[in-house]
Amino acid sequence: MDLKDKSILVLGATSSIARALAEELAKQGAHVHVAGRNLTEIERIANDLSVRYQQQSTAHSFQAADFKSHETLLNQVESKNGKHGLDGLVVAFGELGDQIEAQSEFEQAKSIIDSNFTGAVSILTHAANHFEKQGHGFIIGIASVAGDRGRQSNYIYGSAKGAFALFLQGLRNRLCKSGVQVITVKPGFVDTKMTYGRQGMFLVASPEAVAQDIVKALKANKQVVYTPWFWQWIMLIIKTIPEPIFMKMKM
Amino acid sequence: MQNQWSAVNSGPLTGWGRYPVVAAKTVRPENWSAVDNYVKNANSDALIARGMGRSYGDASINDNGYTILLERFDRFISFDNNSGDLHLESGVTLDEIINVFALRGWFPAVVPGTKYVTVGGAIAADIHGKNHHRDGSFCNFVKAFTVIVASGERVLCSRQENSDLFWATVGGMGLTGIITDVHMTLKPIESVYVEKTEIKAKNLDAVMSLFDEHEKNYQYSVAWIDCLARGNDLGRSILMLGNSIAKGDERIKHLSNPLSLKEKRQIQVPIDSPDWLLNSFTMGTFNSLFYAKQMSNHHEGIADFESYFFPLDAIGSWNRLYGKRGFIQHQTVFPEETSREALKTLLTMSSENGWGSFLAVLKRFGPQDGWLSFPRPGYTLTLDIAVKDGLFEFLKELESVILNYGGRIYLAKDAFLSAEGFRKMYPRFNDWQKVKAKYDPKNTFSSHLSQRLEIR
């Protein structure tokens, strides 16, 4: 896929992976627009893209749990873009949240699920219909290896990411006949604020390397991409451990 | 939870010289409101900002409170292609500026020996480069910046507005607050190439008269000095002069784009080198070979900016070459009047005691504003010294000699200077202290360096 002059919206652009991905896409000549919760930071990121890649990157406010606003946002970006419309959407928002708190406070659990899953379903409902009607486009969803198997340390976040991956899979099945590409990205440990300073991290990848992997997968028309690549094998092993053993493990 | 704004990385932390080592709590916020929160909730002696950690000594470490990494604040805000005015965040590195703007015909007006420094760090240390005699320090090209001061307020300062904070922050080693964003000016370039002239000098007197003779005709000047040579050879050196090459020049005509820097492969130093590697014998050999390599007394050639300005950047983690005890870089400047005698004394002391140096660098500074800025008119000498037994005593002795000659030590490279010595070397510290008291009465911003020098 040639990304030159493609118009792309990145949701949750303040995250390290999303920002690196926005840069990588802009490097390929795409017009990248950014949205997120913290508009001050989002504007900074839009300015940065505009200066570095000599384009007009626009900044938008986006709240994952404010479902009603999602359709308006897509229309806004599309209309601001004039003839460029919208060719691609990156769903990179989401939050690790506080697992311990979520175990006793359903509100916390719900907030994690909304920001990682329900919010994504909401915006993608509109985007999918738009791309389907348009007959082309792509969706990149940042899921997680945490969604491949439930673990006691992060199963609320993990289940939301797992559900998101399933949703993307179904969406891919539906949209492939309309020429719309849907990519599920499953990053392993990446040097972001989720991993910074945490014990037990290994083989931590840079956001830039992950972004390069994603763009490569996009151009090669891939469906599911683990990044860095070896996480596919790590997760394969983890998924193969029989449940009677797995349930007793400390993970 | 320890704090809610970003995770804490606890562990040993050092400057580029890897000495001293402190147990630090390092945080890496990703949005400015997190930084605001650290400042608003800080105790005394609590915070120091850190960019790339390229200051050699203890300026960017703090074992009390948090060290705040600003590396994720690396965004450009705006650029004016007509004037070269660049507005950017303090965590942007010179490397990034060069990557984005060299091809458009713009370059940082002042660069140090590495491009891996942030703009915030460059202001805090008020860095200088090979063109100081003509252009002055980094801050000569900084128009304004915003500082988060201890109250949590953001203060925009320049030479006109809140000028006291401007001058206290320039060279202020991060002790006035956290610089968020900067208005600076890039200089226009026609190519990324330099024509260089290298002239051999048989001793110190010879190189000083070469500086006198040639400096005015060159944008860049610096001398490599063999600080192990003794007697009649004392100060034996190679003066390296340079000027930028213009667009249509014959020597770069064959290039498809004279503004394009080829990407260079970086060699990594994977492990700490053993202590015996850098003894006075191996360094003496290295230095003699380097001097001999220069076959003729006068040599001309061209080099690209990358290899001309940042030769050591080609070797990643070159700081590991000095072994696991680390090293110090020791840079002093002397007034014009005492330079000759002072340099002779320093070189004699260093050669007699075998405190060898891979790189000893001599340069002449021009005039400089700034209260705690290091440069002043006169000669500056830089030595790399591996940390070993007896170093502390040697540096004590050196400090008193430097004070006798009215010299000054560069804080961005220092790890040993005494509190009294510092006050004598920086006469405008009194002015600085008033501004510190005004904006940071509880001494929120503090580093290992400021605690050692009793700066508050």
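Here is how names work: the chains are called A, B, and so on, in the same order as the sequence lines, proteins then strands, and each is numbered from 1.
No salt bridge links B:Asp313 with B:Lys115; every basic N to acidic carboxylate O contact stays at or beyond 4.0 Å. Note on A:Arg44 versus A:Glu41: no salt bridge recorded, every NZ/NE/NH1/NH2 to OD/OE distance being 4.0 Å or above. Note on A:Asp2 versus A:Lys219: no salt bridge recorded, every NZ/NE/NH1/NH2 to OD/OE distance being 4.0 Å or above. Under 4.0 Å is where a charged nitrogen must lie from a carboxylate oxygen, and between B:Glu71 and B:Arg50 no such pair does. In this structure, A:Asp191 pairs ionically with B:Arg72, as a charged nitrogen and a carboxylate oxygen lie closer than 4.0 Å. Between A:Glu95 and A:Arg37, at least one side-chain nitrogen of the basic residue sits less than 4.0 Å from a carboxylate oxygen of the acidic one, meeting the salt-bridge criterion.
For chain A, the option among B:Asn81, B:Asn31, B:Leu88, B:Leu86 with the highest count of heavy-atom pairs below 4.5 Å is B:Asn31. Interface remark: of the candidates A:Glu43, A:Gln54, A:Gln199, A:Gln54 forms the most heavy-atom pairs closer than 4.5 Å to chain B.
Within the 4.5 angstrom heavy-atom criterion, atoms from both the backbone and the side chain of A:Ile45 approach chain B. Contact annotation for B:Arg104: only side-chain heavy atoms (C-beta onward) come within less than 4.5 Å of a heavy atom of chain A. Neither the backbone nor the side chain of A:Arg198 comes within less than 4.5 Å of any heavy atom in chain B. No part of B:Leu103 comes within reach of chain A, as not one of its non-hydrogen atoms sits under 4.5 angstrom from that chain. Only the side chain of B:Asp181 comes within contact range of chain A, judged by heavy atoms closer than 4.5 Å.
Judged by a 6.0 Å distance limit and a 45° cone about the ring axis, B:Lys25 is positioned over the six-membered ring of B:Tyr66.
At a heavy-atom separation below 4.5 angstrom, chain A is approached by B:Glu89, B:Glu96, B:Val100 within residues 89-100 of chain B. Chain B is approached within less than 4.5 Å, heavy atom to heavy atom, by no residue from residues 154-162 of chain A.
In this structure, A:Phe93 and A:Phe62 have tilted ring planes: the angle between them lies in the 30° to 60° band.
A donor-acceptor contact closer than 3.5 angstrom is absent between the side chains of A:Tyr196 and B:Glu30. With hydrogens and angles left out, the side-chain atoms of A:Glu208 and A:Gln212 include no donor and acceptor closer than 3.5 Å. Neither side chain, A:Ser57 nor A:His33, offers a donor N or O lying under 3.5 Å from an acceptor on the other.
Taken to the nearest 0.5 Å, the OG atom of A:Ser7 stands 11.0 Å off from the CG atom of A:Leu25.
Centroid-to-centroid, the aromatic rings of B:Tyr116 and B:Phe310 stay 6.0 Å apart or farther.
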